[in-house]
Q: 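Below are the structure tokens for one structure; questions will follow.
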Amino acid sequence: MTRPVFRADAVLVQAVIAGALSFAHLHDLAAAAGQSGWKAWAYPVSVDLLLVAAWHRLRTGGPKAAAWVWFLVALTASLGANVSTAGLLDLDHVPAWLRILVAGWPAVAFLGGTLLAHGGPVTAPEPEPGQGSTPAQIDENEPITPAPEPSTAHSPLNAAVPPALVALAHKVADEHRTRTGTAIDTSTLRARLGVPLPLAEAIAAQLA
């Protein structure tokens, strides 16, 4: 069995060296700002984790604007520590504003990490079976009751038949009875008058 050959990658080596130096600078700045012991070591871990989380969000998707904001915040904290410890800042007399920034960093990092971890796009949950995912099943053995047809007995047309139309209907009905000897039916009355069926039924009801 052939063992994998690990070759040194110049870019990886450079990243390890840069990360170690940045880690040390952040530790030194935190210690100078009054964060002693394990707290001084936790600061560089916090900055680097926020930087990695923001970069991961940029690579995997999600809101790009928020990811870029937190990436720049973490990068500024890292670069600020590198520049501050390069001789431009007296670490024995750290200004008050820098102490405030260092003391407030954990809250900022916590907020950024939480938003990056739980601020992804929200997807609607899939419906559970029987809750809209499939059409409702119909029992074939259950009798189907047809919907009742609208009744014309109480139609507003009963009270809206013009008197002239009723008089004309009487005339048509009398002519039909004289010619055939039978009362005119609704279909014939509708055809003779040229009116809709509901109106013909309302007229026929008044002729009875």
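From a predicted model like this one, the values you see are computed outputs, not experimental measurements.
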Q: Mind checking side-chain contact (heavy atoms from CB on, under 4.5 Å) for V52 and listing every partner two or more places apart, or none if nothing turns up?
A: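 Residues passing side-chain contact (heavy atoms from CB on, under 4.5 Å) with V52: none at all.
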Q: Which residues pass the side-chain contact (heavy atoms from CB on, under 4.5 Å) test with H170, not counting sequence neighbours?
A: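 So H170 forms a side-chain contact (heavy atoms from CB on, under 4.5 Å) with V166, L207.
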Q: Which residue pairs pass the side-chain hydrogen bond (donor to acceptor under 3.5 Å, both in side chains) test when at least one of the two sits in residues 95-112, sequence neighbours left out?
A: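 Only S46-W105 qualify under side-chain hydrogen bond (donor to acceptor under 3.5 Å, both in side chains).
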Q: Could you give all pairs that pass the salt bridge (Lys or Arg N to Asp or Glu O under 4.0 Å) test and reach residues 26-53, with sequence neighbours left out?
A: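 Listed once each, the pairs would be none.
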Q: At their closest point, which heavy atom of R57 faces which heavy atom of L115, and how far apart are they?
A: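 Heavy atoms of R57 and L115 come nearest at NH2-O, 4.3 Å.
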Q: Given the rule that I, L, V, M, F, W and Y join up when any side-chain heavy atoms are under 4.5 Å apart, are W68 and L51 in one cluster?
A: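 Yes.
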Q: Spell out, yes or no, whether V108 and L26 are grouped together once hydrophobic residues are joined by side-chain heavy atoms under 4.5 Å, including indirect joins.
A: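 Same cluster.
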Q: Please name the pair of heavy atoms, one in V94 and one in A32, separated by the smallest distance, quoted to 0.1 Å.
A: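 In this case the closest contact between V94 and A32 is CG2-O, 3.4 Å.
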Q: Would you list the atom pairs, donor with acceptor, under 3.5 Å between side chains in residues 70-86 and any protein atom, with sequence neighbours excluded?
A:
| from | atom 1 | to | atom 2 | distance (Å) |
| --- | --- | --- | --- | --- |
| T76 | OG1 | L72 | O | 2.7 |
| S78 | OG | S22 | OG | 2.7 |
| N82 | OD1 | H25 | ND1 | 2.8 |
| N82 | ND2 | S78 | O | 3.2 |
| S84 | OG | G80 | O | 2.7 |
| T85 | OG1 | A81 | O | 2.8 |
| T85 | OG1 | N82 | O | 3.3 |

Q: Other than V45, what residues sit in its cluster of Ile, Leu, Val, Met, Phe, Trp and Tyr side chains whose heavy atoms are under 4.5 Å apart, directly or through others?
A: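 Noted: V45 shares its cluster with F23, W41, L49.
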Q: Do other residues, nucleotides or ligands put more than 12 heavy atoms under 6.0 Å from the CZ atom of R59?
A: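 Counting neighbours around CZ of R59, 12 or fewer heavy atoms of other residues, nucleotides or ligands fall under 6.0 Å, so no.
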Q: Donor-acceptor pairs under 3.5 angstrom involving side-chain atoms of residues 181-199: please list them, not counting sequence neighbours.
A:
| from | atom 1 | to | atom 2 | distance (Å) |
| --- | --- | --- | --- | --- |
| T182 | OG1 | T180 | OG1 | 3.2 |
| D185 | OD1 | T188 | OG1 | 2.7 |
| D185 | OD2 | S187 | N | 3.2 |
| D185 | OD2 | T188 | N | 3.0 |
| D185 | OD2 | T188 | OG1 | 3.1 |
| R190 | NE | V195 | O | 3.4 |

Q: Could you see if L116 belongs to whatever hydrophobic cluster contains W55? Use Ile, Leu, Val, Met, Phe, Trp, Tyr and a side-chain cutoff under 4.5 Å.
A: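 No, no single cluster joins them.
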